[in-house]
Colleague: 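If you scroll down you'll find the structure; I have some questions about it.
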Amino acid sequence: MPDLQPVRGTHDILPDEMRRHRRVEETARALGLRYGYAEMATPIFEFADVFARTLGETSDIVTKEMYTFRDKGGDGITLRPENTAGVVRAFLSNGLQQQLPLKFFYRGPMFRYERPQKGRMRQFHQIGVELLGVADPLADVEVIALGQHLLDELGVADRTTLELNTLGDSESRAAYREKLVAYLRDFETKLSEDSRARLGRNPLRILDSKDEGDRRIVAGAPPIAASLNDSSKRFFDSVCRGLEVCKVRYRLNPRLVRGLDYYNHTAFEFTTEALGAQGAVLAGGRYDGLVEQMGGPPTPGTGWAAGVDRLALLLSEPEAWAGAIAVVPVGAGETDAALGLVQRLRRAGFAADLGFSGNMSKRMKRADRIGARVAVVLGESELARGIATVRDMKTGEQDEVPLSALEDRLARYR
RNA sequence: GCGGGCGUAGCUCAGUUGGUUAGAGCAUUCGGUUGUGGUCCGAAGGGUCGUGGGUUCAAGUCCCAUCGCUCGCCCCA
């Protein structure tokens, strides 16, 4: 007998939670379409290289969080930890370079081998958009505006804050990195252990440290802004101006950086206080170097990903199901008539339910429990007269309706 | 991967300084009601007390390990 517990960091999504997931995903899909982002899907696993090469060999995701295994053919396979790399791979595999610009929406499960926490699982779900082929900052503005629009639509915007920063182009980023490291070297012995390790690998991340001592040191660090070259400055100004035009409110956060190597220029994060340590619900940025890094032609890109599970946690109570029409046979003699009727109603576009067994009292009880708004009672006396008793489950009022007129009478319950 | 807290019925929880047959509410099922749900009344089912080991005459209770959940760190959606 295998262990009946699901694998650590995974869980079953039962109907209540599934409704929330669907609401997040369907709202996003519909909204994405309105902005011109077409849904696509990539496989949930790829050759390990697709992620190892693009996310940065030293990133935590690659070094300790990937689900990687050898398949029977000996290939190194990785369960996708995120989907941007997959989308870019698909873009190149399918020769879509000729059709730029391209806008994609995706949804699906992702996998990271991490210690589970609230809002953080080993199998989790993301939705995301990618906009390829547009170097103009208007592209960043569009994807951020779409993100804001989605959070508004889901009714969670009042609990999130948009934080915005720029990393500059690669030249600015490299220059800043140098300045920052030079500054931090002086405090090396005072930095936290984690941050000392990051100094060589990923010094920008130190800006983001939650350690008290680190924060004091970082407070005196040179700002990114001072290292930006003119074009990077202009780019960021345009993004900010565009957001203002779109009435998207943001907060500049010069310490916001990104964990993945392929980001440049715009970095943003919609964060919430409501999820404990897992603050980010929707985050992304620009990744102009990624396509080239994967072997394609230089192609700019920008986009974001959002955590479906996290957004689902923020959603208010799921809206109750509209409720079916319960067809209730009084006795065994009316079973066939009831079966025929329930199927006829379903074909006509109604949600209709036929309890499978029990006397009338049982069936009424069940009708109540599934939230039926109306019960159609079929008994011997009804059938003899070619009518049905229609009972409103809320008011308790009931009247007799000719069988032939049922669809019309029930129209408002469709 | 590191540190803290918590595991008793489907859910929320009680369970005395270790003591005999582990309880309640809600939920479920059945009955009161052979043509009417919600309310009410009655009854029933449901537990290897997370798991394994140890201490003890005796462990839900104490100790150790382990698994899971949870909070924080790391990282990130």
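Just so we're on the same page: letters track the sequence lines, and every chain starts at 1.
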Colleague: Compute both the distance and the angle, then confirm whether A:Arg414 meets the cation-pi test with A:Phe350: under 6.0 Å from the six-membered ring centre, within 45 degrees of the axis.
Modeller: yes
Colleague: What does A:Val377 touch in the nucleic acid at a heavy-atom separation under 4.0 angstrom: a base, only the sugar-phosphate, or nothing?
Modeller: base
Colleague: When the P atoms of B:G19 and B:A58 are considered, how many whole Å apart are they?
Modeller: 14 Å
Colleague: Think A:Arg122 forms a cation-pi with A:Tyr113, using NZ or CZ under 6.0 Å from the six-ring centre and within 45 degrees of its axis?
Modeller: yes
Colleague: Out of B:C69, B:G35, B:A77, which has the shortest distance to the side chain of A:Met360?
Modeller: B:G35
Colleague: Return the set of residues passing side chain to side chain donor-acceptor pair (under 3.5 Å) with A:Tyr176 (not counting sequence neighbours), or none when no residue passes.
Modeller: none
Colleague: For RNA chain B, which ranges pair as stems of 3 or more consecutive Watson-Crick or G-U pairs, with both donor-acceptor distances under 3.5 Å?
Modeller: B:1-7 with B:67-73, B:10-13 with B:23-26, B:28-32 with B:40-44, B:50-54 with B:62-66
Colleague: Could you list the protein-to-nucleotides 3-7 of chain B atom pairs, N/O on both sides, closer than 3.5 Å?
Modeller:
| residue | atom | partner | partner atom | Å |
| --- | --- | --- | --- | --- |
| B:G3 | O6 | A:Arg115 | NH2 | 3.3 |

Colleague: Phosphate oxygens OP1/OP2 of B:G38: is one of them under 4.0 Å from a side-chain N or O of A:Arg366?
Modeller: no
Colleague: Measure the acute angle between the ring planes of A:His265 and A:Phe235, then classify it against the limits of 30° and 60° as parallel, tilted or perpendicular.
Modeller: parallel
Colleague: Would one find a side-chain N or O of A:Lys362 under 4.0 angstrom from OP1 or OP2 of B:G31?
Modeller: yes
Colleague: Whether the side chain of A:Gln398 and the base of B:G35 hold a donor-acceptor pair under 3.5 Å is what I'd like checked.
Modeller: no
Colleague: Looking across every strand, which nucleic acid part, if any, lies under 4.0 Å from A:Glu269 by heavy atom: base, sugar-phosphate, or nothing?
Modeller: nothing
Colleague: Can you check the distance between B:G47 and B:C13, where both ends of the measurement are the C1' atom (answer in whole Å)?
Modeller: 15 Å
Colleague: With no angle test and no hydrogens, is the base of B:G37 tied to the side chain of A:Arg391 by a donor-acceptor pair under 3.5 Å?
Modeller: yes
Colleague: So does A:Ser361 get a side-chain nitrogen or oxygen closer than 4.0 Å to the phosphate oxygens (OP1/OP2) of B:U36?
Modeller: no
Colleague: Check whether any side-chain N or O of A:Arg8 sits under 4.0 Å from OP1 or OP2 of B:C69, and answer yes or no.
Modeller: yes
Colleague: Which label fits A:Phe268 and A:Phe270: parallel for a plane angle under 30°, tilted from 30 to 60°, or perpendicular past 60°?
Modeller: perpendicular
